[in-house]
Amino acid sequence: MKNIIFCLLFVFSTSAFCQDTNIKNDELFLQYVTEYVKYTKNRTSSEKLEQVLNSFNSKLGGNHKVLKSFEKAEDKNLWLKKNYKKTMFKDLNEAQTIYSKHLEIQFQSDNEAKELMRLNDELLKKYDSLVIWQALKEKLNSK
């Protein structure tokens with residue numbers, strides 16, 4: 001029984017090592033690294049999104065029930081029309097403006113990450129996520 005366990009451990013460890021050495025020379029992985037670096041350097045939309053989200057959430061009043069109610073609503077604009085008085089927004093227009101700004105920046109942020117996510121999905125078909133992450137960290141640290 002011990003021999004079987006040791007054999008399995010050996011097979012899994014050599015398999016992970018082989019994946020690790022193969023991924024570093026994989027053209028898809030190199031594209032992924034390039035796209036990752038580009039995405040992380042151009043994070044302006046992510047930072048704007050965080051600022052708008054913080055502003056929006058704080059104006060919801062910081063009330064957990066109100067936030068949960070808003071998140072559950074299918075039609076967020078309709079929810080804002082009915083409930084903006086329960087929040088800290090000055091008026092309905094401010095609530096809808098900040099919410100639409102949030103959606104716009106979210107869309108922009110998603111578009112910026114689209115190619116990175118496509119490459120990640122392709123890599124996950126070939127390699128384990130831990131192998132990808134370890135190789136990415138090593139590649140970035142070596143630059």
Side-chain angles (χ1 to χ4, degrees), residues 4-143:
I4 293 173
I5 292 172
F6 286 126
C7 286
L8 287 174
L9 286 173
F10 177 74
V11 168
F12 287 126
S13 64
T14 55
S15 171
F17 178 75
C18 289
Q19 276 193 347
D20 188 43
T21 56
N22 290 341
I23 192 171
K24 291 177 183 174
N25 299 320
D26 190 328
E27 185 62 34
L28 184 62
F29 175 71
L30 297 175
Q31 289 175 350
Y32 178 74
V33 171
T34 303
E35 192 63 32
Y36 182 86
V37 169
K38 185 173 96 177
Y39 176 73
T40 54
K41 284 185 179 178
N42 299 325
R43 290 181 28 143
T44 55
S45 66
S46 297
E47 291 165 359
K48 285 181 191 173
L49 178 63
E50 190 173 329
Q51 290 171 350
V52 169
L53 255 175
N54 287 339
S55 171
F56 185 79
N57 287 340
S58 70
K59 296 231 178 187
L60 277 177
N63 185 332
H64 182 68
K65 288 181 181 180
V66 173
L67 182 59
K68 200 162 191 122
S69 172
F70 177 76
E71 289 174 350
K72 285 182 181 180
E74 286 187 34
D75 186 345
K76 307 288 192 220
N77 282 314
L78 180 61
W79 187 94
L80 287 171
K81 284 180 187 175
K82 290 182 178 179
N83 298 292
Y84 81 91
K85 290 180 182 177
K86 296 178 185 177
T87 67
M88 298 171 86
F89 292 109
K90 293 176 196 167
D91 55 25
L92 176 60
N93 187 39
E94 180 190 27
Q96 288 178 328
T97 301
I98 293 176
Y99 181 66
S100 63
K101 189 183 229 182
H102 156 69
L103 292 177
E104 180 183 316
I105 296 171
Q106 179 70 52
F107 180 74
Q108 181 183 352
S109 181
D110 290 348
N111 278 339
E112 288 175 1
K114 196 177 285 187
E115 180 63 13
L116 180 65
M117 298 312 296
R118 185 192 69 76
L119 291 169
N120 186 52
D121 290 343
E122 291 296 315
L123 278 173
L124 286 172
K125 291 176 185 174
K126 297 169 78 175
Y127 305 102
D128 182 65
S129 61
L130 186 59
V131 171
I132 296 168
W133 179 244
Q134 290 295 333
L136 179 63
K137 284 194 316 188
E138 287 175 22
K139 186 76 171 175
L140 294 174
N141 287 334
S142 69
K143 287 187 173 188

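Here, residue 1 is the first one in the sequence, and each next residue gets the next number. Owing to the predicted nature of the structure, the values given are computational and were not obtained by experimental measurement.
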**Q** Answer yes or no: is there a side-chain heavy-atom contact under 4.5 Å between V66 and N83?
**A** no
**Q** Counting N and O atoms only, with roles assigned by atom type, does the side chain of S100 sit under 3.5 Å from a partner on the main chain of Q96, one being a donor and the other an acceptor?
**A** yes
**Q** Cut-off 3.5 Å, side chains only: do N120 and Y36 have a donor facing an acceptor?
**A** no
**Q** Under a 4.0 Å threshold between the charged nitrogen and the carboxylate oxygen, would K38 count as salt-bridged to E35?
**A** yes
**Q** Salt bridge check, E115 against R118: does any charged N sit closer than 4.0 Å to a carboxylate O?
**A** yes
**Q** Say you draw a straight line from NZ of K85 to CG of L92; how long is it, rounded to the nearest 0.5 Å?
**A** 10.0 Å
**Q** Where do F89 and K59 come nearest, in terms of heavy atoms and distance?
**A** CE2-CB, 3.4 Å
**Q** Could you check if a side-chain atom of L80 sits within less than 4.5 angstrom of a side-chain atom of T87, using non-hydrogen atoms only?
**A** no
**Q** Quick one: is the NZ or CZ of K76 closer than 6.0 Å to the six-membered ring centre of F70, and within 45° of its axis?
**A** yes
**Q** Taking C-beta and beyond as the side chain, do Y32 and D26 meet within less than 4.5 Å on heavy atoms?
**A** no
**Q** Just how far is it from atom CG of L103 to atom CD1 of I98, taken to the nearest 0.5 Å?
**A** 12.5 Å
**Q** Got a second to check how far Q134's CD is from K139's NZ, nearest 0.5 Å?
**A** 15.5 Å
**Q** Is any side-chain heavy atom of K101 less than 4.5 Å from a side-chain heavy atom of I105?
**A** yes
